[in-house]
Structures are given as structure tokens and as C-alpha cells.
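Below is one structure, written out as C-alpha cells, with a few remarks after it.
Each chain gets a letter, A, B and so on, in the order its sequence line appears, and its residues count up from 1.
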There are 2 protein chains.
Amino acid sequence: MTMSQSGGRRKPPTIHDVAREAGVSRGTVSRVLNGGHYVSPTAQEAVNAAIRRTGYVVNRHARSLITGRSDSIGFLLTEPQEKFFEDPNFNVLLRGCTQALAAHDIPLLLMLAGTEDERRRITRYITAGHVDGVLLVSSHSGDPVAEQLREAGVPLVMCGKPIGVGSKVSYVAADDRDGARDMVRHLVSLGRRRIGVVTGPLDTPGGVERLAGYREVLAESGIDFDERLVVSGDYSRASGEAGAERLLGQCPDVDAVFVASDLMAQGVLTSLERAGRRVPEDVSVGGFDDSSAALAARPQLTTIRQPYDRISAEMVRVLLAQIGGEDPAAVILPTELVKRQST
Amino acid sequence: MTMSQSGGRRKPPTIHDVAREAGVSRGTVSRVLNGGHYVSPTAQEAVNAAIRRTGYVVNRHARSLITGRSDSIGFLLTEPQEKFFEDPNFNVLLRGCTQALAAHDIPLLLMLAGTEDERRRITRYITAGHVDGVLLVSSHSGDPVAEQLREAGVPLVMCGKPIGVGSKVSYVAADDRDGARDMVRHLVSLGRRRIGVVTGPLDTPGGVERLAGYREVLAESGIDFDERLVVSGDYSRASGEAGAERLLGQCPDVDAVFVASDLMAQGVLTSLERAGRRVPEDVSVGGFDDSSAALAARPQLTTIRQPYDRISAEMVRVLLAQIGGEDPAAVILPTELVKRQST
DNA sequence: CTGAAAGCGCTTACAG
DNA sequence: CTGAAAGCGCTTACAG
């Protein structure tokens, strides 16, 4: 007979009820629950039937108390919430991580901590053991949250190379510098010589490394570096628009722009169009990321593909390994030049 | 002397360590932890000092095991992930709920369950007691998740009126029908007579109610209902664009369009522009939501304001009340016509 | 105001 | 393969 509990908060069945129902000890029920090792087929059968009849579902708090694990992972974003929604990269990353974890039957908890206050609350929540590990996404470096979690001994993998945290924390990143080199070489190969750059925030590795790649190619190509051709943004569309504005003002002869993110590149296109410059005829524009923004842009953006599917898969792999006791690790993944209409 | 534990997973201090350090019993420590009632100032002091010295932080699993609460709330979205990122309403709603809960020092866990598989996993996670209650956002009705959670006795508040679940589940919604009436009356007052409508999905209350409001005003204004003026979308920008396309094909004489969401209205504007119709000179366009999409649109949208800040605040209030033992409740909030350039 | 004790629901050596 | 028992870290009546 089914013990259907139609709504209401009746006391849910425990392992004890199942044991009684199945005519075995609680230890045996627990063994069935945890993989069925050292359990006779008969007992196995009886327990499973009892679980079905009682509608038993394990109390995770009790289990966690003893195992010390919560069997869930946190996806922590220490950015203002607008960023999260505006930037398509986060979307792809989140989806990739969710899927990679799904293969292990582990739920992903998304935690947004854009304010100081929220960061404090979430940090407390995490260090109290509510998740077994954290996938941390934060473009800005020197993020105190990373350091706090590391000190608390919480397994942690960052997306993108952290600045200043040393090699004590795991991270997965695309090869920013190499990607930037590919793009700028491409622009040079097109005959461009007055190549502007809209960088990311210069306190982030993505900002610094992509600019470094730009300078390297200029040097190897015998093109003088002109600092008036360098402006920086914060990865938002608006900052790209403003950056291009400045660029055009400082160097009207600019004939190409390497933009450190596709979203900013969209803004750059807007400014160029307003200024009456044709893309790619007058000015070539190269983006970075190959996010959905690259395809949504008009013209569609030539860009540097970050392998987000692999990045998220690697983040999960490294995190699970670390939870399993392995040491931190850094993973650098190659990028790829994707040619479209903007160059 | 400080027991700083520099990184590593040393066994964290327990309430027992604190008790020893403070020279009191574990019961007293617990009392301090839980509000400090029935504790002498002296003991209070000693315990707090001991907590600081040991770096103690409560083990939530142990606490949850005994209290039966997790002290966290889930924000569950049973929509494809793209929707979540594309639609600015979710952003505002999420932020509002986060803030409302912050006032109670309760962390919000965002759970995305766009696929059948994810829904199953998340439902199990929730019913296992990982959150005390759920704020459920799902535009589609007949969502089996809602029914499952209700049956499992999980406190639940939905955003928007659910179809078919009866009055057993709490919800907070704007007055869709009244909002629609306001908008269509506004269009009629402008002298428009061939008023098209792009509805939301017709298996959702927002879809049905806003259409009903449209029909009511037509009737009261003595305008014949023409079903060729009715097309429906799924709240995405693309569906608005396609809907307007169809509308123009079926009724070239359309002189106004009431669109059931601002995002869809953006798509409608795109189609109208492509067809060479001026807004608002040739065609008036009215949106719904007053989301960021309304301000981003060109021309800026006249729309119906949904009071999202109040909606999220009410959702949290009702949910906390329900967790506290109160019965489910429905809250309907008034909307407001906001006039801008599109009409 | 405070301590000793029971108990939340589970897992895991330990004997058999 | 299986049961009895200890114990995870905490809260909460219950006596005092």
C-alpha cells in the first residue's frame, strides 16, 4: 500500500522506517543507498522496494554532517549583476559548467555577489560548508573573495588567470596573449598600419595580456607603438562605444581596431558608423571571445574564439579533482582566429 | 593567541572547542549563537571572545539537521537559459528578491532548470531540504515542477498567476488585464482603430489576460474584433519581429500595435522600420513591462509598468510568511501606463 | 542564567 | 554479507 502524503509537511520517512519496512538494519539500507557494495541481492531488492513504498528520500543534511560533503558546487560571480546579464560570455560559461556537472549528477548553485554586503554573506555561506567547491568568475583581479576562500581551504577554480594570488589557486584560461597576437597579425596582413586597440581593464590579466600581444606584433612588424592608439574599456558595450569615440578623436587616421571583447566591439561599430566610417572598407575591426555578440554584430565580427565549452569542462574537471584531494592546477587553452565580415 | 589556520583543511573548530575555550557548556555557546537569550553578559562576552579566537563558524549541516531548516531560499527558473539572459525582467526580479532577502540575511540560490533532466535533479535537491522555500519563475503554466514542489510540501511562491494549480499555491502578479485595458484605451484615445496585438504565449496567464483586456476595450469602444489583427509570440524579441511581419502581411492598414512585452515590442519596431512605417506617426506601438528594453528601444516605448520592485518584495514576504506556517496567498499589484515616444 | 543529556538522520569502521 | 554501535556538530527541553 502506498503511503502517499498528499501535500502537507508530515514527517518524512527516515532510513529507520525503510529498514523496518525492509526487515533489515539501518546499516544495510545505508549501504544500498551508497552504491550497493557488500549487500546481498535479496537485501538490495527488499530495500529498494521499501524505499519505493515509503517514498524515502535521503536527508542531505544528515549525510553531509557525517561525510563533510554537500554534493553541490557553487558558481560564484563577484561582478555587478548587470555585467552578468549583459555579457554573453557568462551565459555560455554557466551553461557549460552546468552541463559538465550534470554528467556527475551534481547540482550547480549560482551565487551572485555584486556588492560588498552580498560577498560577505555568500562567503560565510560557502565557508560554512554549503558547497564542496567553487567555480569563481570575476574579471577583476585582487578579488578578496578568492583569497578568503583559499585561506578557508575551499576548493576553488577561477576562470581566467588571477593576478597576485600566486600559483596556489587553480584557474582555467584561454591563451590571451597568443590570441591577441593572432588578431593583430591578421590586421597587419591586411595592410593595416594605424591599428588602434580598446583594451579590457588593465588590472585584469585579460586586459594586460591582450595589450601585450598587440605590442609584440607591432614590434615584430616594425610598426611604431603610438600610445594615442590605446584606450581602455571595462568589457561593456558602452565602454567600447566611448573608447572608439576617443580613438577617432585622437587618431583620425586609424585604419583598424583590435577590441578586447566582442561586446565592446559592438560599441566600437556603433561609433564608427556614427562617424561615417565604413567597416571593413575604411576601418577593420577585430573582436575577442567569439560570443553571441560577434554574430549579432553588423557586420559580423572577425574575432578570436575562446573555447568556452572546453574552458567550462576543464574548470569542472580541475575542481572535482581538487575536491578529490589533488593539488591546484592551471590550464591554458588555445584560441582560434575566426574570420568574418568586419576585417 | 590566534589559531590562524593558513590554508589547508585542518579540522575546523566546533562548538565544543569554543565552549572549552570560553569555560562554559556547549549549551551556553549555542544560546549565544542563537540570539543570546538567557545568557549572562559575562558568559556572552566570554563566548564571543572564544569565537573570535578560534575562528569558529557554525556548521550549517548540523544545525539544519536538527532545526529542519536550511536558512536559504531558492530562486528557480524553469525556462530555457537563453530566456533568462535575454529577458531583462528576470534580471530585475532576481535583483529585487536578492535585496529583499538580504534584509533578512538570507542567501538566495539561483537554480536554472531549463531541461527536463535539470528539472529532475533540482527538484530532488529541493525536496531533500536544501532550501526552505522556492521563488518560482516560469512563464509557462502547467509547470509540473510547481505541482511536485507543492505536493512535497515545499513552501512556494510563483511569479505570475499559475494556470490550473488552483488556489493552493501562492503567487504574486501584476494586474495583467487591467494593464492591457489601460494601454488599449490609450491607443483608442489617440484615434487608432485598426489596433493589432502581439500576445504572449496563450498557455500563460500573461498571454491570455492581456489579450482579454484588449478585447474588452475594443468591445466597449465599439470597434469590431478582427482576428487577423491578433498574432502571438513567446516574449522573445525575435517572436515580436516575426509577429509584426505577419501582422503587416495580414492587415496592411494596421495603425497601432499593442505588444505584450517590451522585448517583443523591440522586435516589432524593427519590422515596422524595415517596412517603412514610421513610429508613432504611421503606427503607434505600446509595450508591456517597462523593462530596460523600453528605454533601450528607438523610439522609447510607451508601456505598462509592472511594479517589479514591489513584486519581488511581495514574493519574498509571502514566502517567508508561508515558511513561518501561514497559508498560501495571492497578491495582485496594480500597473501603470507610462507614456513615451512610441505612441 | 546554566549544564547535562537526549536526539536530529545518517555513515562507517568493527565484529561477526 | 550484515547488525550493533559510535559519532558527525549542533539545538533544545529539562532540571536546577
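- Residue A/Tyr56 has a polar side-chain atom (N or O) positioned under 4.0 Å from OP1 or OP2 of C/dC10.
- At a cut-off of 3.5 Å, with distance as the only test, a side-chain donor of B/Arg95 or B/Asn91 sits close to an acceptor on the other residue.
- Here the C1' atom of nucleotide D/dT12 and the CD1 atom of B/Ile15 are 12 Å apart, to the nearest Å.
- Look at A/Asn34 and you'll find a side-chain N or O under 4.0 angstrom from OP1 or OP2 of C/dT11.
- A straight line from CG of B/Asn59 to P of C/dG9 spans 17 Å, rounded to a whole angstrom.
- Two residues, B/Ile66 and B/Thr42, neighbour DNA chain C, and the one matched to the more 5' nucleotide by heavy-atom proximity is B/Thr42.
- Counting atom types as modelled, B/Arg60 pairs no side-chain N or O with a base atom of D/dG9 as donor and acceptor under 3.5 Å.
- As a whole-Å value, the separation of B/Leu65 CG from D/dT11 C1' is 10 Å.
- Within 4.0 Å of B/Ser30, counting heavy atoms only, lies at least one base atom of the nucleic acid.
- Across all non-hydrogen atoms, the minimal contact from B/Leu108 to B/Cys97 is CD1-CB, 4.2 Å.
- Taking atom C1' in both D/dG16 and D/dT12, one finds a spacing of 16 Å when rounded to whole Å.
- The distance between atom CZ of A/Arg31 and atom C1' of D/dG3, rounded to the nearest whole Å, is 7 Å.
- Within the 4.0 Å cut-off from OP1 or OP2 of C/dG3, at least one side-chain nitrogen or oxygen of B/Thr28 is found.
- Here B/Ser25 reaches the OP1 or OP2 of C/dG3: one of its side-chain N or O atoms lies under 4.0 Å away.
- When rounded to the nearest whole Å, the span between CG of B/Asp17 and P of D/dC8 equals 11 Å.
- Residue B/Ser40 places at least one side-chain N or O under 4.0 Å from the OP1 or OP2 atom of C/dT2.
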Dot-bracket, 5' to 3', for DNA chain D please: Watson-Crick or G-U pairs under 3.5 Å, [ ] where pairs cross earlier ones, | where the partner sits on another strand, dots elsewhere.
|||.||||||||.|||
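- Ring pair A/His61/B/His130: centre-to-centre distance below 6.0 Å.
- Taking only side-chain atoms of A/Thr14, from C-beta outward, the nucleotide of C/dG9, D/dC10, D/dA4 with the closest atom is C/dG9.
- With a 4.5 Å cut-off on side-chain heavy atoms, B/Met111 and B/Leu77 do not count as touching.
- One interatomic measurement links the two molecules: CD of B/Glu45 to P of C/dT2, which rounds to 13 Å at whole-angstrom precision.
- You'll find that the side chain of B/Thr67 is closest to D/dT11, out of C/dC10, D/dT11, D/dG9.
- Residue contacts for A/Val58: at a heavy-atom cut-off of 4.0 Å it reaches the sugar-phosphate backbone alone, with no base atom in range.
- Distance from the side chain of A/Val39 is smallest to D/dT2 among C/dA4, D/dT2, C/dT11.
- As rounded to whole Å, 17 Å separates atom P of D/dG3 from atom OH of A/Tyr38.
- Counted by atom type alone, A/Ser70 and A/Asp132 present one or more donor-acceptor pairs between their side chains at under 3.5 Å.
- No hydrogens or angles considered: a donor-acceptor pair under 3.5 Å links the side chains of B/Ser170 and B/Gln322.
- Looking at A/Arg121, its side chain does come within 3.5 Å of a backbone N or O of B/Ala102 through a donor-acceptor pair.
- The separation between A/Arg20 atom CZ and D/dT2 atom P is 20 Å, rounded to whole Å.
- Taking atom P in both C/dC10 and C/dC14, the straight-line distance is 24 Å, to the nearest Å.
- The closest side-chain heavy-atom distance from B/Tyr171 to B/Val157 is not below 4.5 Å.
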